[in-house]
> 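Mind having a look at this structure? Questions to follow.
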Number of protein chains: 2
Amino acid sequence: MKIRATLKQIAKELGVSVSTVSKALNDSPEISEPTKIKIQEYAKLKNYKPNLTALNLKNRSTKTIGVIIPNILNSFFAKVFSGIEKVAEAKGYNVITCISNESLEKEIHALEMLSNGTIDGFILSIAEEAQKLGEFSHFLEIIKEGIPIVMFDRIADEVHCDKVVVDDYESALNAMQHLIDSQCSSIALFSSIDNLSVGKLRTKGYFDALEKNNISIDPQIIIRTDNEHEFNIQATALFDTQKVDGIFALDEHASVSAMKMSLKAGYKIPDEVSVIGFADGVWSRRLTPSLSTVSQHGPEIGEAAAQLLIARLESKLENYHYKTEIIKTELRQRESTKKIG
Amino acid sequence: MKIRATLKQIAKELGVSVSTVSKALNDSPEISEPTKIKIQEYAKLKNYKPNLTALNLKNRSTKTIGVIIPNILNSFFAKVFSGIEKVAEAKGYNVITCISNESLEKEIHALEMLSNGTIDGFILSIAEEAQKLGEFSHFLEIIKEGIPIVMFDRIADEVHCDKVVVDDYESALNAMQHLIDSQCSSIALFSSIDNLSVGKLRTKGYFDALEKNNISIDPQIIIRTDNEHEFNIQATALFDTQKVDGIFALDEHASVSAMKMSLKAGYKIPDEVSVIGFADGVWSRRLTPSLSTVSQHGPEIGEAAAQLLIARLESKLENYHYKTEIIKTELRQRESTKKIG
DNA sequence: GTGAAAGCGCTAACAC
DNA sequence: GTGTTAGCGCTTTCAC
């Protein structure tokens with residue numbers, strides 16, 4: 001194990017001072033060409049790399065972004081992450097990642113662990129548990145310490161910071177309108193994320209779309225749960241007892257279950273029942289029939305969040321005006337919904 | 001923006017020396033109880049957190065693992081990542097993540113960017129481009145600098161380091177045997193990852209299984225490509241011209257295409273054609289019919305890799321004996337294959 | 001043009 | 001028991 005070359009070492013071996021070496025390697029005009037060349041070549045030979053930790057200490061900045069994601073196995077978050085990483089990489093930032101696993105405790109721990117000089121700022125989406133309990137004081141603490149936070153997707157109005165969200169309410173309205181326009185009149189709501197901010201917004205879109213179109217609400221065909229197990233029970237029961245001609249699903253599990261259960265119940269999709277859901281695009285296309293989805297542009301969300309954070313980190317003047325950026329969704333019509341002529 | 005509390009500051013405000021504060025906060029027995037308490041309470045009040053960057057500089061270690069992943073949108077890597085993160089978190093390590101996006105250049109860049117004191121060691125899976133070109137010198141460089149690397153899944157025999165792999169060859173043999181035992185005699189090979197080390201191993205398993213069972217090789221029903229586009233062309237052609245009663249697919253795209261195209265071609269699965277593939281378990285279950293897969297235990301791979309790396313980092317004595325750990329796969333029989341009585 | 005010295009925040013050996 | 005000092009690796013004034 002070769003030990004890493006340092007300025008001091010090079011200086012000694014070349015019989016010059018540390019500061020000369022430093023300046024030479026930074027191509028300072030103070031240093032004469034000959035010495036500069038000599039030092040630079042020697043450094044290359046020795047494979048010298050400046051120690052970033054030391055630089056960070058000096059600069060009081062680490063060029064590192066902390067990302068806290070509730071669940072990396074959820075492809076939406078993986079996509080957002082890829083967007084963050086892309087922008088970060090382009091701007092010379094590192095990304096340090098923690099997974100809260102939807103747990104408040106792990107979220108707090110991650111925040112603690114990184115808020116000690118390791119990172120310059122956070123990008124995060126709130127853990128389910130925190131959102132369910134309405135517990136956001138750990139974020140406020142961090143912000144009070146002067147570390148900027150950008151929240152995406154699952155946000156909290158109580159926390160003042162930059163945010164990137166999807167127009168969940170609008171996109172629900174929109175998706176519902178599409179179902180209604182294609183002659184669905186008895187549209188079920190499928191949600192296994194009723195505890196999340198985004199779930200609530202989408203649900204509101206469902207109700208408002210019905211109201212706007214003078215369709216009465218049928219509580220029998222509405223499933224609002226906060227976990228997959230309970231969802232499965234209720235959905236199975238629903239298929240046994242109710243008839244629907246449309247399903248609006250608020251999350252991936254609900255979307256796919258809607259498809260699978262409809263097929264099993266003998267429905268023809270989309271002739272007898274249309275399905276629209278929030279789900280991963282690649283996999284939705286792979287289903288037979290393919291699933292129409294509300295596409296959330298995950299990478300763009302990540303990119304926007306990273307832009308926002310880096311902009312704030314690099315703006316000298318403190319700008320107390322927090323921005324909330326809204327990324328538009330898109331309705332992807334595939335085979336699970338009827339074409340509207 | 002409140003400025004972060006430092007030892008120096010606290011020392012001044014309390015009228016003691018920096019080292020007293022440091023010792024008090026580290027609960028050193030050298031310090032008397034009263035002062036200790038006084039200092040500790042004041043520190044808590046000021047919300048003091050030791051600056052990790054400074055500590056890292058002092059300790060010449062960062063308790064941070066660099067992870068380089070070819071593509072986070074591939075759920076296999078996301079799973080491995082979650083395993084890495086879990087172990088790292090448990091052992092008090094941070095995880096810093098880069099995505100090579102299958103590009104050699106980005107892989108080199110990530111390696112460079114982090115090998116300057118930012119991280120203590122790497123966990124990575126080789127980018128497709130690097131593997132295709134057989135270009136591994138950048139890894140050797142890093143190892144020569146004394147930074148340990150653990151490779152997983154896509155590895156290179158040329159690089160001596162700790163490794164974690166799946167028994168790709170064995171699991172291919174195994175999956176093939178299952179198809180053969182369930183009376184498939186004309187089994188297609190579907191691969192869109194023929195350039196990867198894992199793809200080659202699985203392919204070898206395919207051939208050897210055929211040979212062992214005295215089934216002749218039919219080149220007409222073998223698709224070996226290194227990209228999805230070319231794969232789609234060849235697969236479409238195959239379904240137009242050939243008849244098969246079994247498909248062994250080496251990657252997710254090939255697996256799902258096999259299902260979708262079979263259904264479209266009017267095959268009954270599994271009665272007329274059986275399909276086994278390497279693919280994500282959750283989504284395979286969601287397909288109709290559900291897909292039988294070779295399950296790779298992604299999280300376990302990540303956990304093993306992290307264990308291996310941390311063990312090496314924390315072992316004082318240099319142990320030149322590199323380990324290769326093999327994580328067993330499991331054949332998950334679902335609806336796309338016939339039950340064997 | 002080159003070097004000495006201070007300092008980023010922290011710890012630890014060594015005085016007192 | 002408490003303080004002084006040196007040093008981790010680097011940059012940057014300020015002398016020379």
Side-chain angles (χ1 to χ4, degrees), chain A residues 2-40 42-43 46-64 114-120 145-147, chain B residues 2-40 42-43 46-64 114-120 145-147:
Chain A
K2 209 161 59 177
I3 208 57
R4 154 164 272 85
T6 70
L7 287 190
K8 199 169 151 184
Q9 231 178 76
I10 297 182
K12 194 163 73 187
E13 285 161 21
L14 251 43
V16 293
S17 81
V18 178
S19 53
T20 306
V21 179
S22 169
K23 286 171 188 161
L25 293 179
N26 287 316
D27 215 24
S28 155
E30 287 183 42
I31 307 295
S32 71
E33 274 308 308
T35 32
K36 220 188 255 184
I37 298 201
K38 182 182 69 177
I39 293 177
Q40 287 175 350
Y42 189 74
K46 286 287 183 178
N47 193 20
Y48 170 80
K49 293 183 199 167
N51 180 322
L52 251 212
T53 309
L55 280 177
N56 289 341
L57 181 57
K58 199 137 215 355
N59 302 334
R60 280 93 151 282
S61 113
T62 61
K63 285 276 221 172
T64 302
L114 299 182
S115 63
N116 47 22
T118 307
I119 54 90
D120 295 344
E145 285 177 30
I147 302 179
Chain B
K2 208 161 59 176
I3 208 59
R4 156 165 270 83
T6 70
L7 287 190
K8 199 168 151 187
Q9 227 178 78
I10 296 183
K12 194 162 72 185
E13 284 161 22
L14 252 43
V16 293
S17 83
V18 179
S19 58
T20 307
V21 179
S22 169
K23 286 171 189 162
L25 293 179
N26 288 316
D27 214 24
S28 154
E30 289 183 39
I31 307 295
S32 71
E33 274 309 306
T35 32
K36 219 187 256 184
I37 299 204
K38 184 181 69 179
I39 293 178
Q40 287 175 352
Y42 189 75
K46 286 288 182 175
N47 193 22
Y48 169 81
K49 293 184 200 165
N51 181 321
L52 251 212
T53 308
L55 280 178
N56 289 342
L57 181 57
K58 195 139 212 7
N59 301 334
R60 280 93 151 285
S61 116
T62 60
K63 285 275 221 173
T64 302
L114 299 181
S115 63
N116 47 22
T118 307
I119 52 91
D120 295 344
E145 286 178 28
I147 302 179

> Under the side chain to side chain donor-acceptor pair (under 3.5 Å) rule, collect the residues that match up with A/T118, sequence neighbours excluded.
A/N116

> Tell me: CD1 of B/I31 to P of C/dT11, nearest whole Å?
13 Å

> Grab the two heavy atoms, one from A/D120 and one from A/I147, that are nearest each other, plus how far apart they are.
O-CG2, 3.8 Å

> For A/S22, give me all partners under side-chain contact (heavy atoms from CB on, under 4.5 Å), at least two apart in sequence or on another chain.
A/L7, A/N26

> Could you measure the distance from the CG atom of A/N59 to the OG1 atom of B/T53? Nearest 0.5 Å is fine.
10.5 Å

> Quick one: bend of the helix from C/dG1-D/dC16 to C/dC16-D/dG1 from 5 pairs per end, to 10°?
60°

> Using heavy atoms and a sub-4.0 Å distance, could you list which residues of residues 49-57 of chain A are near DNA chain C? By number, please.
A/L57

> Is any side-chain heavy atom of B/N51 closer than 4.5 Å to one of B/T6?
no

> Applying side chain to side chain donor-acceptor pair (under 3.5 Å), name anything that partners B/T35, two or more places apart in sequence or on another chain.
B/S32

> Does D/dT11 have its OP1 or OP2 closer than 4.0 Å to a side-chain nitrogen or oxygen of A/N26?
yes

> Assuming nearest nucleotide by heavy-atom distance, tell me which of A/K8 and B/E33 is located more 5' along DNA chain D.
B/E33

> Counting just side-chain N and O atoms, does B/R4 come under 4.0 Å of either OP1 or OP2 of C/dG9?
no

> Tell me which residues in residues 14-23 of chain B lie within less than 4.0 Å of DNA chain D, going by non-hydrogen atoms.
B/V16, B/S17, B/S19, B/T20, B/K23

> For residues 20-29 of chain B, which residue pairs qualify under salt bridge (Lys or Arg N to Asp or Glu O under 4.0 Å), counting only residues two or more places apart or in two chains?
B/K23-B/E30, B/D27-B/K36

> A/Q40 pairs by side chain to side chain contact (heavy atoms under 4.5 Å, CB included) with which of A/L25, A/V21, A/I31?
A/L25

> For residues 8-16 of chain A, please give each side-chain donor-acceptor pair under 3.5 Å, one per line with the distance, not counting sequence neighbours.
{"unit_1": "A/E13", "atom_1": "OE1", "unit_2": "A/Y42", "atom_2": "OH", "d": "2.3"}

> Are OP1 or OP2 of D/dG1 and a side-chain N or O of B/K36 less than 4.0 angstrom apart?
no

> With sequence neighbours left out, write down each residue that passes side chain to side chain donor-acceptor pair (under 3.5 Å) with B/N56, or none if nothing qualifies.
none

> 5'-most contact on DNA chain C: B/K58 or A/E30, nearest heavy atom basis?
A/E30

> Return no unless some side-chain N or O of A/T6 is found under 4.0 Å from OP1 or OP2 of D/dC8.
no

> Under the side chain to side chain donor-acceptor pair (under 3.5 Å) test, which residues partner A/S115, sequence neighbours left out?
B/K49

